[in-house]
There are 2 protein chains.
Amino acid sequence: MPPADRLTTTFAALADPTRRAILSRLAAGECSVGELAKPFPMSMPAVSKHLRVLERAGLIAQTRQAQWRQCRIQAAPLKEVSEWTERYRQIWEERLDRLDEYVQQLHATQKKEKKSHGRKQHSK
Amino acid sequence: MPPADRLTTTFAALADPTRRAILSRLAAGECSVGELAKPFPMSMPAVSKHLRVLERAGLIAQTRQAQWRQCRIQAAPLKEVSEWTERYRQIWEERLDRLDEYVQQLHATQKKEKKSHGRKQHSK
DNA sequence: ATTATATTTAACTTATTAGTTAATTAACCT
DNA sequence: AGGTTAATTAACTAATAAGTTAAATATAAT
């Protein structure tokens, strides 16, 4: 198994509601593992493991402070997620160049169709 | 295990480079499973399984056409990904209200240290 | 020095994932 | 009908993931 690339690691880390909730909490400010764990119906070790996953993904960092570990969010990997996702914006917004092609092809196929439909018309 | 929520399913589907490559290919236009599979060093059934994952996540749809299955991208779930991610933009752009607070607090702490060493201090 | 607190590590279980090969389904073509 | 092509399903394996409880570690407080 080749080591996973960054985006893969990031997406995998985000594919868990507990971990996303942790990030959400940390967006409001640093806090300790114990505080972080409180809302979740699972053991501390389970939360600790989630933190490890987030840490390996570069999404959080921990610093010692007495017997507590303070966690803080590190959102840099989310920038890459954002950039990757943006490439698809045109598609989900459905002003699709791709759909244009499809529509054109449809018209080409149905040549007898009259073209005076003033509807949604896109040009390349 | 409760059924995974939408975001979880989407992120999980995206946490694989093969599946992201498939989406990327489909962004350029529909194509058949066989064509889709060609670039990948894995068997057809493996690709077919990836397509199933993408389909269950609502990221693609398949339509029969003779003996071929045409796949097309459905990017709607990516809108949710985008929206989720955007909530963290301020953080990764580091015009962080949060970091501001942190920095201020740091300054405050340092001032205090200069003044007096009286508080919770490491004693080694 | 002991004890309490915060957190991690270890060992284990169960479920899921990503891949394989072999068999099956479905549509097309003479 | 029989053969070819396209894709899926079945059955299996190996690795990873998410959780558990119990033990270990590290610091603070008494």
Side-chain angles (χ1 to χ4, degrees), chain A residues 1-5 7-23 25-26 30-57 59-72, chain B residues 1-5 7-23 25-26 30-57 59-72 117-124:
Chain A
M1 227 161 306
D5 59 291
L7 257 183
T8 295
T9 306
T10 306
F11 278 128
L14 298 177
D16 182 289
T18 302
R19 288 195 289 264
R20 291 197 305 278
I22 288 173
L23 287 181
R25 167 66 188 78
L26 290 179
E30 297 195 7
C31 82
S32 72
V33 175
E35 238 185 295
L36 223 39
K38 247 174 233 164
F40 303 106
M42 65 181 70
S43 64
M44 276 284 270
V47 172
S48 194
K49 276 185 169 190
H50 282 304
L51 294 177
R52 205 79 336 140
V53 172
L54 289 168
E55 198 175 37
R56 274 190 275 114
L59 284 163
I60 67 164
Q62 278 181 306
T63 62
R64 287 207 85 113
Q65 202 145 297
Q67 68 256 237
W68 295 273
R69 251 90 161 185
Q70 288 295 114
C71 303
R72 68 172 193 284
Chain B
M1 225 160 297
D5 59 290
L7 256 183
T8 295
T9 305
T10 305
F11 277 129
L14 298 178
D16 182 288
T18 301
R19 288 194 288 263
R20 292 198 305 278
I22 287 172
L23 287 180
R25 167 66 187 79
L26 290 179
E30 297 195 4
C31 82
S32 71
V33 176
E35 240 185 294
L36 223 40
K38 249 173 230 162
F40 302 107
M42 64 182 68
S43 65
M44 277 282 273
V47 172
S48 193
K49 277 184 167 190
H50 281 304
L51 294 178
R52 205 78 334 131
V53 172
L54 290 168
E55 196 175 39
R56 274 191 275 113
L59 284 163
I60 68 165
Q62 279 180 305
T63 62
R64 285 206 86 114
Q65 201 145 299
Q67 68 255 235
W68 294 274
R69 250 90 159 186
Q70 289 295 113
C71 303
R72 67 171 193 284
H117 270 245
R119 272 196 29 110
K120 286 191 182 176
Q121 214 67 349
H122 310 308
S123 51
K124 278 259 153 85

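We name chains A, B, ... by the order of the sequence lines, and we start the count at 1 in each one.
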A.B. asks: If you look only at distance, which donor and acceptor atoms sit under 3.5 Å apart when one is on a side chain in residues 11-22 of chain B and the other is two or more places apart or in another chain?
C.D. replies:
unit_1	atom_1	unit_2	atom_2	d
B:D16	OD1	B:T18	N	2.8
B:D16	OD1	B:R19	N	3.1
B:R19	NE	B:A13	O	2.7
B:R19	NH1	B:H50	ND1	3.0
B:R19	NH2	B:A12	O	3.2
B:R20	NH1	A:T8	OG1	3.1
B:R20	NH1	B:L14	O	2.7
B:R20	NH2	A:D5	OD2	2.9
B:R20	NH2	A:T8	OG1	2.9

A.B. asks: Measure from CG on A:L51 to P on D:dA18 and round the result to the nearest Å.
C.D. replies: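 To the nearest whole Å, that distance equals 13 Å.
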A.B. asks: How close or far is atom P of D:dA6 from atom CD of B:E30, stated in whole angstroms?
C.D. replies: 18 Å
A.B. asks: Roughly, in whole Å, what's the span from CG in B:D16 to P in C:dT16?
C.D. replies: 18 Å
A.B. asks: Compare all side-chain heavy atoms of B:R69 with those of B:R64 and state whether any distance is below 4.5 angstrom.
C.D. replies: yes
A.B. asks: For B:R25, give me all partners under salt bridge (Lys or Arg N to Asp or Glu O under 4.0 Å), at least two apart in sequence or on another chain.
C.D. replies: B:E35
A.B. asks: Which heavy atom of B:T9 sits nearest a heavy atom of B:R56, and at what distance?
C.D. replies: CG2-O, 4.3 Å
A.B. asks: How far apart are the closest heavy atoms of A:C31 and A:L36, and which atoms are they?
C.D. replies: SG-CD1, 3.3 Å
A.B. asks: Could you check which residues of residues 38-47 of chain B get a heavy atom under 4.0 Å from DNA chain C? Sort them by number, please.
C.D. replies: B:M42, B:S43, B:P45, B:A46
A.B. asks: Of the options B:T63, B:L26, B:I60, which is the one that meets B:R72 in a side chain to side chain contact (heavy atoms under 4.5 Å, CB included)?
C.D. replies: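 Passing option: B:T63.
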A.B. asks: Would you work out how much the helix from C:dA1-D:dT30 to C:dT30-D:dA1 bends between its ends, with each end axis defined by five base pairs, to 10 degrees?
C.D. replies: 10°
A.B. asks: Would you say A:H50 places a side-chain N or O within less than 4.0 Å of OP1 or OP2 belonging to D:dG19?
C.D. replies: yes
A.B. asks: Quick check for you: among C:dA18, D:dT8, C:dA11, whose closest atom lies nearest to any side-chain atom of B:K49?
C.D. replies: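 For B:K49, the side-chain atoms sit closest to C:dA18.
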A.B. asks: How many Å lie between CG on A:L54 and C1' on C:dT7, as a whole number?
C.D. replies: 16 Å
A.B. asks: Does some side-chain heavy atom of B:S32 sit less than 4.5 Å from a side-chain heavy atom of B:Q70?
C.D. replies: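 Of all side-chain heavy-atom pairs linking B:S32 with B:Q70, at least one is under 4.5 Å.
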A.B. asks: Nearest 0.5 angstrom please: B:M44 CE to B:K49 NZ, how far?
C.D. replies: 14.5 Å
A.B. asks: For the atom pair SG (B:C71) and CG (B:L51), what is the distance rounded to the nearest 0.5 Å?
C.D. replies: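 These two atoms lie 5.0 Å from each other.
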A.B. asks: By a strict heavy-atom criterion of less than 4.0 Å, which residues belonging to residues 59-69 of chain B are in contact with DNA chain D?
C.D. replies: B:Q62, B:Q67, B:W68, B:R69
A.B. asks: Expressed in angstrom and rounded to an integer, what is the separation of B:R56 atom CZ from C:dA18 atom C1'?
C.D. replies: 12 Å
A.B. asks: Which nucleotide sits closest to the side chain of B:R19: D:dT20, D:dT8, C:dA18?
C.D. replies: C:dA18
A.B. asks: Taking salt bridge (Lys or Arg N to Asp or Glu O under 4.0 Å) as the definition, give me every residue that meets it alongside B:R52, ordered by chain and number, with sequence neighbours left out.
C.D. replies: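 B:R52 satisfies salt bridge (Lys or Arg N to Asp or Glu O under 4.0 Å) with B:E55 once adjacent residues are dropped.
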A.B. asks: For a quick check of understanding: with a heavy-atom distance under 4.0 Å over all strands, which category does B:T18 fall into, base, sugar-phosphate or nothing?
C.D. replies: nothing
